[in-house]
Amino acid sequence: MKTQDDFFQNVYAIVRLIPKGRVTSYGAIAKSLGAIRSSRMVGWAMNLSHSQEIYVPAHRVVNRNGELTGKLHFATPFLMKELLEKEGIVIIKEKILNFNIHFWDPMQEL
DNA sequence: TGGGTGACCATAG
DNA sequence: ACTATGGCCACCC
């Protein structure tokens, strides 16, 4: 259908807007798209993001607690953490330090 | 038609 | 910090 494809593309568009060194959550993205679809669908979209033509920085999307819950879906279980640390983000025990400071809210940027 | 499974979220105990 | 619900909705049997 058209609507769900649009939803996916909108998700990818927002993820591409996340600045380096900043992160956001699945729920925040879902809410910025009108809270129509649930945050589970954002996670599903990330699951398919690897096959997108244009690069999608999926490592900048974590859950509401700043935990790297999606790391197992990357090429290696370490890749997500490595990419974030390369952008200056400190991670302790699968959790982002000072998550509230690094958080990027799609609502405020649109 | 229906049950199980998620890269989720909120609330409660 | 942990489990347990209930809601969410696409996907795959």
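These values consider heavy atoms only, across backbone and side chains, with no hydrogens, waters or symmetry-generated copies. Per chain, numbering begins at 1; letters A, B, ... match sequence-line order.
Going from atom CD1 of A:Ile29 over to atom P of B:dC9 covers 10 Å, rounded to whole Å. Atom pair A:Lys93:NZ and C:dA1:P shows a separation of 10 Å (rounding to whole Å applied). One interatomic measurement links the two molecules: CE of A:Met41 to P of B:dG6, which rounds to 13 Å at whole-angstrom precision. A straight line from OH of A:Tyr26 to P of B:dA10 spans 14 Å, rounded to a whole angstrom. Straight-line distance from the NE2 atom of A:His73 to the C1' atom of B:dT5: 11 Å, rounded to whole Å. Nucleotide C:dC12 holds its C1' atom 14 Å from the CG atom of A:Leu48, rounded to whole Å. For A:Phe99 and B:dC9, the CZ to P distance is 9 Å, given to the nearest whole Å. Atoms CD (A:Glu67) and C1' (C:dA1) sit 11 Å apart, rounded to a whole Å.
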Using the rule given for side chain to side chain contact (heavy atoms under 4.5 Å, CB included), can you reason through A:Glu67 versus A:Glu94, listing the C-alpha separation, both sets of side-chain angles and the distance that settles it, and then say yes or no? CA-CA 6 Å; A:Glu67 299 163 333; A:Glu94 315 305 334; 5.6 Å; no
Run the numbers on A:Tyr12 and A:Met46 for side chain to side chain contact (heavy atoms under 4.5 Å, CB included), then give the verdict. CA-CA 8 Å; A:Tyr12 298 143; A:Met46 290 300 99; 4.0 Å; yes
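Going from the C1' atom of B:dT5 to that of C:dC8 covers 13 Å, rounded to whole Å. Between B:dG6 and C:dG7, the distance separating the two C1' atoms is 14 Å to the nearest Å.
Here the options are A:Thr24, A:Val42, A:Leu33, the test is side-chain contact (heavy atoms from CB on, under 4.5 Å), and the partner is A:Ile14; only A:Leu33 passes.
Which of B:dA7, B:dC9, C:dC9 sits closest to the side chain of A:Ser39 comes down to B:dC9. Proximity note for A:Trp44 (side chain, C-beta onward) versus C:dC9, C:dC11, B:dA7: the nearest is C:dC11.
If you check every strand for non-hydrogen atoms under 4.0 Å, A:Asn47 touches a base. At a threshold of 4.0 angstrom between heavy atoms, the contacts of A:Ala45 with the nucleic acid are absent.
When all heavy atoms of A:Arg60 and A:Arg22 are compared, the pair lying nearest together is CD-O, 3.5 Å.
With contacts defined as side-chain heavy-atom distances shorter than 4.5 Å, the pair A:Val23/A:Trp104 does not qualify.
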